[in-house]
2 protein chains.
Amino acid sequence: MDNTFAPPLKKSRAKPAPARVTIRTVAEDAGVSVSAVSKVLRNAYGVSDGLRARVMASIEKLDYRPSASARGMRGQSYTLGVLLTDIRNVFFAEIMEGINDTLAPTPYQPLLGVSQLRRRVERSLVDAIIDRQMDGLILVAPRMPLPEIEDVAKRLPTVVIGSHPAGTSRFDTVNNDDILGGEAVVDYLNGLGLRRITFFTLTEPDDDDDENTVMMHRERGYVSAMTRLGLDVNIERAAHDTVAEAARRLVASKDRPEAIFCWGDAWALRVISAATDLGVRIPQDIRVVGYDNNQYCELAQNSLTSVDQSGRELGKQAARLLIERIEGRREPYHFTVTPSLIVRNSTGG
Amino acid sequence: MDNTFAPPLKKSRAKPAPARVTIRTVAEDAGVSVSAVSKVLRNAYGVSDGLRARVMASIEKLDYRPSASARGMRGQSYTLGVLLTDIRNVFFAEIMEGINDTLAPTPYQPLLGVSQLRRRVERSLVDAIIDRQMDGLILVAPRMPLPEIEDVAKRLPTVVIGSHPAGTSRFDTVNNDDILGGEAVVDYLNGLGLRRITFFTLTEPDDDDDENTVMMHRERGYVSAMTRLGLDVNIERAAHDTVAEAARRLVASKDRPEAIFCWGDAWALRVISAATDLGVRIPQDIRVVGYDNNQYCELAQNSLTSVDQSGRELGKQAARLLIERIEGRREPYHFTVTPSLIVRNSTGG
DNA sequence: TGACCTGTATGTATCGTTCTACGTATAACC
DNA sequence: GGTTATACGTAGAACGATACATACAGGTCA
């Protein structure tokens with residue numbers, strides 16, 4: 001404060017830097033202690049209205065913003081990580097909007113990582129999120145095997161969207177009832193008098209424990225309904241980079257199915273493309289159903305019947321559960337949304 | 001270390017916590033100073049191979065990961081913020097992939113913020129990015145007015161994709177040559193013998209200084225080519241939530257244009273939808289052109305002629321420029337990619 | 001009156017790094 | 001052999017917040 005009597009001090013006075021506004025600056029300006037300001041910031045217990053007002057005024061006046069890095073060191077960073085596998089999947093956009101809806105009035109900021117469907121990247125993003133002392137994590141349709149997710153959940157509060165882990169566990173889940181959705185599609189198609197229904201889905205990656213994916217659950221719904229109705233189960237699989245040709249083969253084949261039920265809208269659009277290209281008419285010659293009810297379904301050139309699962313709602317709930325968990329809840333909670341079928345022209349609707 | 005003689009110490013021995021692995025743990029294990037470890041981490045000057053090896057071994061063995069929060073306090077956080085306006089626009093996915101391509105071999109991690117096209121949210125995300133001491137920022141098609149961007153660029157290294165600021169400035173830009181792209185479309189259509197070409201674009205928001213948006217530049221390209229060819233300029237505008245009806249009106253109108261050139265693919269798909277719905281044939285009755293060449297263009301039901309601008313390349317370059325800037329470059333650099341027209345059936349290609 | 005709360009404010013140790021300044025060998029030069 | 005570089009390490013002060021322990025009024029109650 002007063003270096004009046006200390007001439008040879010290395011670099012004391014007249015520091016040219018504009019001097020960042022810190023919690024200390026605010027404290028001085030308001031004439032209170034640093035701790036008091038900190039308390040106001042976290043709205044912790046034991047602050048009088050007068051003090052709060054004074055501090056708030058200074059914060060406003062100085063345009064002070066707390067440093068998340070510094071906060072992260074001892075307390076919370078007020079940042080939540082959201083891990084998406086694939087930014088191209090427009091359905092995820094809805095989930096994001098839901099997350100934003102819930103988080104907007106809170107002090108938490110969501111930041112996204114995009115894994116591009118690669119395990120390696122996914123893992124390194126999770127690490128990055130932990131390294132940055134984020135307060136919580138939302139995994140959307142993760143590729144990681146269950147034990148790994150549980151491991152992550154041990155390190156920070158976690159909520160998973162779009163994965164149906166078998167046993168109980170240490171994290172929350174938010175899902176649409178994919179089995180029910182799968183069944184509903186089959187029942188609807190059968191109600192139209194159709195019997196030769198093929199399920200078109202993703203080739204499972206090498207690992208065994210993928211009982212949890214949404215594709216797998218939709219498949220189970222399909223199988224169970226087909227079996228119940230006494231119909232032949234028929235499943236066609238393709239990898240991400242071979243969808244187009246597989247769709248073409250499927251549509252062009254001699255014993256073309258009466259209907260194709262695709263695990264997701266993106267694949268259904270490919271089927272429509274193949275049919276259009278080959279002159280196979282929809283819905284007269286073949287019916288197509290998707291899943292997700294994304295924004296492209298309603299375009300007239302697609303007019304795709306699809307299962308709506310309200311991504312926005314999924315996102316909202318996930319964020320809500322995560323905050324609850326951050327605030328102390330320990331028992332896992334599993335939230336399920338009931339899907340609904342939206343009928344359009346691709347099934348003659 | 002030895003509390004042998006201090007019985008009433010509050011909570012001294014046998015701390016049950018698993019004790020986080022910090023730089024100190026590593027230093028002890030490797031038998032060197034904390035500073036030495038830090039130097040290895042940052043591969044700073046003055047570290048012998050032997051020391052580096054020893055430290056690396058300990059890091060590996062202990063599975064140590066530096067805390068980004070702590071780093072952020074004095075040095076870099078090795079985190080880059082990427083700000084997207086709209087996660088639904090699949091074109092942005094490509095940009096993201098490009099960014100990841102460049103960043104993968106570096107120690108930097110990109111984290112995304114999504115502004116949902118709202119100014120408010122955009123601003124608060126930029127603040128969040130600054131608060132988290134991120135090392136740099138990539139803005140994709142920002143809504144912020146230029147002065148505000150320049151203000152941000154003063155606080156941290158910034159690169160902007162998809163905005164053409166007028167004068168020189170304190171940040172880098174990466175763009176496709178939208179004027180050229182706009183001209184190319186008109187020239188191509190005119191080459192097919194068409195003269196009544198309408199440009200279908202977004203209603204400008206209330207603010208005046210939006211000379212910089214990509215829509216605006218595409219429009220300028222359109223206008224300049226039309227004028228040069230002596231054709232009548234015709235521009236149709238709509239807001240985001242009225243595209244569908246505007247497209248319908250446009251397609252249904254008595255003096256329907258011979259071709260519609262849309263500022264982006266998403267809008268072109270809407271035009272195709274309207275045409276399909278109204279029984280107006282493409283390309284016989286009307287031709288449609290988009291911009292971005294996103295993944296839906298090639299589907300047969302769309303088969304949309306579009307301008308390709310290689311989002312991936314844009315992303316790559318942006319990340320490269322940003323790192324250069326973080327490492328000290330000061331003069332602004334402006335990178336431009338030349339777009340190319342991909343002809344498909346929607347123009348009779 | 002003294003013991004014990006309760007509500008409010010403060011002082012200070014601490015989080016895990018990086019950075020500046022400095023010390024000590026070893027090599028290089030004349 | 002003495003000076004001067006150069007390479008390699010270390011000590012210790014930041015960085016900006018939070019958490020914990022404590023201080024101090026004023027009130028309540030035996």
Side-chain angles (χ1 to χ4, degrees), chain A residues 8-12 15 17-55 58-59 62 64-79 107 130-135, chain B residues 8-12 15 17 19-55 58-59 62 64-79 107 130-133 135:
Chain A
L9 227 53
K10 269 284 160 69
K11 39 170 168 179
S12 56
K15 212 186 213 171
R20 201 182 190 301
V21 175
T22 79
I23 200 176
R24 210 169 315 272
T25 327
V26 175
E28 274 164 24
D29 183 89
V32 299
S33 74
V34 168
S35 321
V37 179
S38 174
K39 280 188 151 184
V40 170
L41 253 41
R42 295 171 287 136
N43 50 49
Y45 170 82
V47 197
S48 66
D49 289 351
L51 187 140
R52 184 193 317 285
R54 212 142 25 107
V55 169
S58 292
I59 287 179
L62 299 170
Y64 161 78
R65 301 189 56 93
S67 146
S69 294
R71 291 183 129 181
M73 294 217 54
R74 283 190 70 74
Q76 301 184 235
S77 65
Y78 297 98
T79 311
I130 294 174
D131 294 344
R132 280 157 187 78
Q133 328 291 134
M134 296 199 188
D135 300 336
Chain B
L9 225 55
K10 270 284 161 65
K11 40 171 166 179
S12 57
K15 211 187 214 170
R20 200 184 191 302
V21 175
T22 80
I23 200 175
R24 210 172 315 274
T25 327
V26 174
E28 275 164 24
D29 183 90
V32 298
S33 74
V34 168
S35 318
V37 179
S38 174
K39 278 187 157 186
V40 170
L41 253 41
R42 295 170 288 137
N43 49 47
Y45 169 84
V47 194
S48 65
D49 289 352
L51 187 139
R52 182 193 316 285
R54 211 145 26 108
V55 170
S58 292
I59 288 179
L62 300 170
Y64 161 77
R65 299 189 58 92
S67 145
S69 293
R71 290 184 129 178
M73 293 216 53
R74 280 191 72 72
Q76 300 183 236
S77 65
Y78 296 98
T79 312
I130 294 174
D131 294 344
R132 280 157 188 78
Q133 328 290 134
D135 300 335

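- Looking at which nucleotide of DNA chain C each of Ser69(B) and Asp49(A) is closest to, the 5′-most match is held by Asp49(A).
- Atoms CD1 (Ile23(A)) and C1' (dG11(C)) sit 14 Å apart, rounded to a whole Å.
- Residue Tyr45(A) places at least one side-chain N or O under 4.0 Å from the OP1 or OP2 atom of dG7(C).
- Counting to the nearest Å, the C1' atom of dC15(D) and the CG atom of Asp131(B) are 16 Å from each other.
- In this structure, the nucleotide among dT17(C), dG9(D), dC15(C) sitting nearest to the side chain of Arg24(B) is dT17(C).
- Interatomic distance, CD of Gln133(B) versus CZ of Arg74(B), reported as 12.5 Å (0.5 Å rounding).
- Taking OG of Ser38(A) as the reference point, atom CD1 of Ile23(A) lies at 4.5 Å (rounded to 0.5 Å).
- Residue-level contact check: Tyr64(B) touches the backbone only, with heavy atoms under 4.0 Å from sugar-phosphate atoms and none from bases.
- The side chain of Ser33(B) contributes an N or O atom lying less than 4.0 Å from OP1 or OP2 of dT10(D).
- Distance Tyr78(A) OH to dG16(D) C1': 14 Å, rounded to the nearest Å.
- Between the P atom of dA14(D) and the CD atom of Gln133(B) lies a distance of 19 Å, rounded to the nearest Å.
- Here the P atom of nucleotide dT14(C) and the CZ atom of Arg20(B) are 18 Å apart, to the nearest Å.
- You'll find a donor-acceptor pair under 3.5 Å spanning the side chain of Arg74(B) and the base of dT18(C), going by distance alone.
- For the pair Thr79(A) (side chain) and Ser77(A) (backbone), a donor-acceptor distance under 3.5 Å is present.
- Take the nearest nucleotide of DNA chain D for Met73(B) and for Gly46(B): the residue whose nucleotide is more 5' is Gly46(B).
- Within the model, atoms OH of Tyr78(A) and CZ of Arg132(B) stand 11.0 Å from one another, a figure rounded to the nearest 0.5 Å.
- Rounded to an integer number of Å, the gap from Arg65(A) CZ to dC15(D) P is 21 Å.
- Ile59(A) places a side-chain heavy atom less than 4.5 Å from the side chain of Leu41(A).
- Inter-residue side-chain proximity for Met73(B) and Met73(A) is flagged as met; some heavy-atom pair is nearer than 4.5 Å.
- Near DNA chain D, meaning a heavy atom under 4.0 Å away, the residues from residues 34-43 of chain A are Val34(A), Ser35(A), Ser38(A), Arg42(A).
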Verdict with supporting geometry, Thr22(A) and Thr25(A), side-chain contact (heavy atoms from CB on, under 4.5 Å):
CA-CA 5 Å; Thr22(A) 79; Thr25(A) 327; 3.6 Å; yes
